[in-house]
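Note sheet for the following structure.
Counting convention: from 1, in listed order, for ligands and their atoms alike. All figures in this text were calculated on a predicted structure; none of them were measured in a lab. What you see below is based on every heavy atom in this structure, not just the backbone, and it leaves out hydrogens, waters and symmetry mates.
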Amino acid sequence: MIRLETITLREIRLPLRQPFVSSAGRVEVRRCVLTELVTDRGVAAWGECVALEDPSYLPETLDSAWHALERWICPLLLGARFQEPREVSELLEQKIRGNRMARAAVEMPCWVLEAVDQEQSLAALLGGERSRVATGVALGLAGSVQETVARVQQAIAEGYQRIKLKIAPGMDFDLISAVRRAVGPEVRLTVDANGAYTLESAAALQRLDALGLEMIEQPLSWEDLACHAELQGQLETPLCLDESVTSVERARRMVELGSATILNLKAGRVGGLAPAVEIHDLCRKHGIPLWCGGMLESGIGRAYNVALASLPGFTLPGDLSPSARYWHRDVVTPPWTMDSEGWVQVPRHQPGLGVEVDRDYVEDLTTRKRVLRR
Ligand code: MG
């Protein structure tokens, strides 16, 4: 039984070690919305909203998520009783359209409350089987081809099992072929276009078939599923979807249409862990491999990603970089680490999330806070 007494919303500003540069711009400080749920029995669980500052990935933003949480989502949950976390997801699905990143920020910690109640790890509660997960890295845009090659070589030396690079029209074949030449045929390379191409400009993508990429991620618009299926018919390289799959329903359509043969699954994008596990089961049934992408989360969001990536359908390396890659100091203890062969351990031996939140540090970083009560 879950009955929430309070939900605390916080915004923190977490300084990055190095600016992260994408087509959307340059981020030096990650603004994160954190949630803390406390039950009527005094049990607490933290969550994190994956929304970015701007609507460059999906329409939701950090500020729109804050508003939806404060105005509609938290009041809905604070008035209700739930036998199990799946009911939280069902209620949110019934009452709140869209706003899935905001919904996930409170749905996901309900699974931690359940895990603590059952005295098992979040990974075990979700059906995770792995004790360690394979890790790749997504590299932001660099200034030049030489600089990109150097950063790829550095990441390989650090042990990452797969390297993902961002591409865009005019910055694709020459860049990626230079990287392929430099690193050799064995290194697992993928590219992510974040919807920058159209079917008309996709001829450039056919050239990538010669470069032995593991996948091309999200080449076409986030709103599209049908054109991706058409494009897959023109390419040998497997397509992977990310921002096009925002729900269980969209995942079903992806499978029916054949829009992609790989899925980057992020629980925060689809409304939480209940829909994420449902999509996992669907993809597994249809032989679609999964991996878990990142949204520049703090160590709290990372904990959920690692637990999810321990499920059996996640057969490709995820973007689960250690804390030290992004942060001078993470908000959790112990911080996330990766070994020299690119493995991250799944905390399976303690109940709940598997990391402690450094409350004093979070308090220092907090720039706004709102406590909502039943
Ligand atoms: Mg992506």
Discussion item. Under 3.5 Å, is there a donor on one side chain and an acceptor on the other for D54 and S56?
Written reply: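 Side-chain D/A pair, D54 to S56: present.
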
Item to complete: To the nearest 10 degrees, could you say what angle the Mg ion (ligand 1) makes with OD2 of D192 and OE2 of E217?
Response: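 Between OD2 of D192 and OE2 of E217, at the Mg ion (ligand 1), the angle is about 100°.
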
Worksheet item: If you check every N/O/S atom of D242, which is the one nearest the Mg ion (ligand 1)?
Response: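 The Mg ion (ligand 1) is closest to the D242 atom OD2, counting only N, O or S.
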
Could you tabulate the donor-acceptor pairs under 3.5 Å formed by side-chain atoms of residues 310-321, not counting sequence neighbours?
residue: S310; atom: OG; partner: A307; partner atom: O; Å: 2.7
residue: D319; atom: OD1; partner: R162; partner atom: NH1; Å: 3.0
residue: D319; atom: OD1; partner: R162; partner atom: NH2; Å: 3.0

Worksheet item: N/O/S atom of E243 under 2.8 Å from the Mg ion (ligand 1), yes or no?
Response: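 Checking the Mg ion (ligand 1) against E243, no N, O or S atom falls under 2.8 Å.
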
Practice prompt. Any salt bridge (charged side-chain N to carboxylate O under 4.0 Å, His left out) involving residues 68-91? Give me the pairs, sequence neighbours left out, ordered by first then second residue.
Written response: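 The answer is E70-R370.
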
Discussion item. So for atom CZ, which belongs to R253, do other residues, nucleotides or ligands contribute more than 12 heavy atoms lying within a distance under 6.0 Å?
Written reply: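 No, because the 6.0 Å sphere around CZ of R253 holds 12 heavy atoms or fewer from other groups.
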
